[in-house]
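Below is one structure, written out as structure tokens, with a few remarks after it.
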Amino acid sequence: MNPLAPLANTLLIASPFVTLGYLGLCLVWPFRVCRRCQGHGQFHGLFGGIRLCGHCDGTGLRLRLGRRVWNAFRRLYRDINPHD
């Protein structure tokens, strides 16, 4: 018997639950805190000025990867079936 078989079985059983949990997270909380500005939306400049974060456009929030994928699939479905 392969010594990695129990680990592989555990991963196969757990992966759908993890995936569904992440999809639920993306549906309930589609945004996450911007990692660049730590959610503040702005930077303090080198000489005392304040400028907006270019990654989040000053909101402090970024769309999660899973939500971006979900939106792309919805857009694709809408383009394929325009009357639904």
Side-chain angles (χ1 to χ4, degrees):
M1 183 172 163
N2 189 353
L4 295 178
L7 178 63
N9 288 336
T10 304
L11 289 176
L12 283 174
I13 291 171
S15 63
F17 294 111
V18 171
T19 303
L20 289 175
Y22 182 68
L23 285 176
L25 176 75
C26 289
L27 290 175
V28 175
W29 292 293
F31 294 98
R32 63 176 173 87
V33 172
C34 179
R35 288 171 49 185
R36 180 63 63 98
C37 65
Q38 287 84 30
H40 297 291
Q42 59 189 5
F43 289 107
H44 294 285
L46 193 58
F47 299 108
I50 295 176
R51 62 183 175 93
L52 295 178
C53 177
H55 290 270
C56 64
D57 293 327
T59 63
L61 299 173
R62 302 273 318 252
L63 200 59
R64 291 182 191 272
L65 176 66
R67 187 59 186 227
R68 277 186 251 147
V69 170
W70 177 267
N71 289 346
F73 279 127
R74 285 183 48 205
R75 194 176 308 115
L76 180 65
Y77 180 79
R78 188 177 57 233
D79 292 343
I80 291 172
N81 301 317
H83 299 294
D84 287 343

query = Would Leu65 end up clustered with Leu25 when hydrophobic side chains under 4.5 Å apart are linked, directly or stepwise?
reply = yes
remark   = So CZ of Arg64 and CG of Leu27: to nearest 0.5 Å the spacing works out to 11.0 Å
inquiry  = List the residues meeting side chain to side chain contact (heavy atoms under 4.5 Å, CB included) with Arg74, not counting sequence neighbours, and say none if there are none.
reply    = Arg67, Trp70, Asn71
Spatial distance of atom CG (Leu12) from atom CG (Leu7) [nearest 0.5 Å] = 9.5 Å
Give the table of side-chain donor-acceptor pairs shorter than 3.5 Å for residues 33-56, with sequence neighbours excluded, one pair per line with atom names and distance.
{"unit_1": "Arg36", "atom_1": "NH1", "unit_2": "His55", "atom_2": "NE2", "d": "3.1"}
{"unit_1": "Arg36", "atom_1": "NH2", "unit_2": "His55", "atom_2": "NE2", "d": "3.2"}
{"unit_1": "Gln38", "atom_1": "NE2", "unit_2": "Arg35", "atom_2": "O", "d": "3.3"}

query = Is Phe31 reachable from Trp29 through a run of hydrophobic residues whose side-chain heavy atoms are each under 4.5 Å from the next?
reply = no
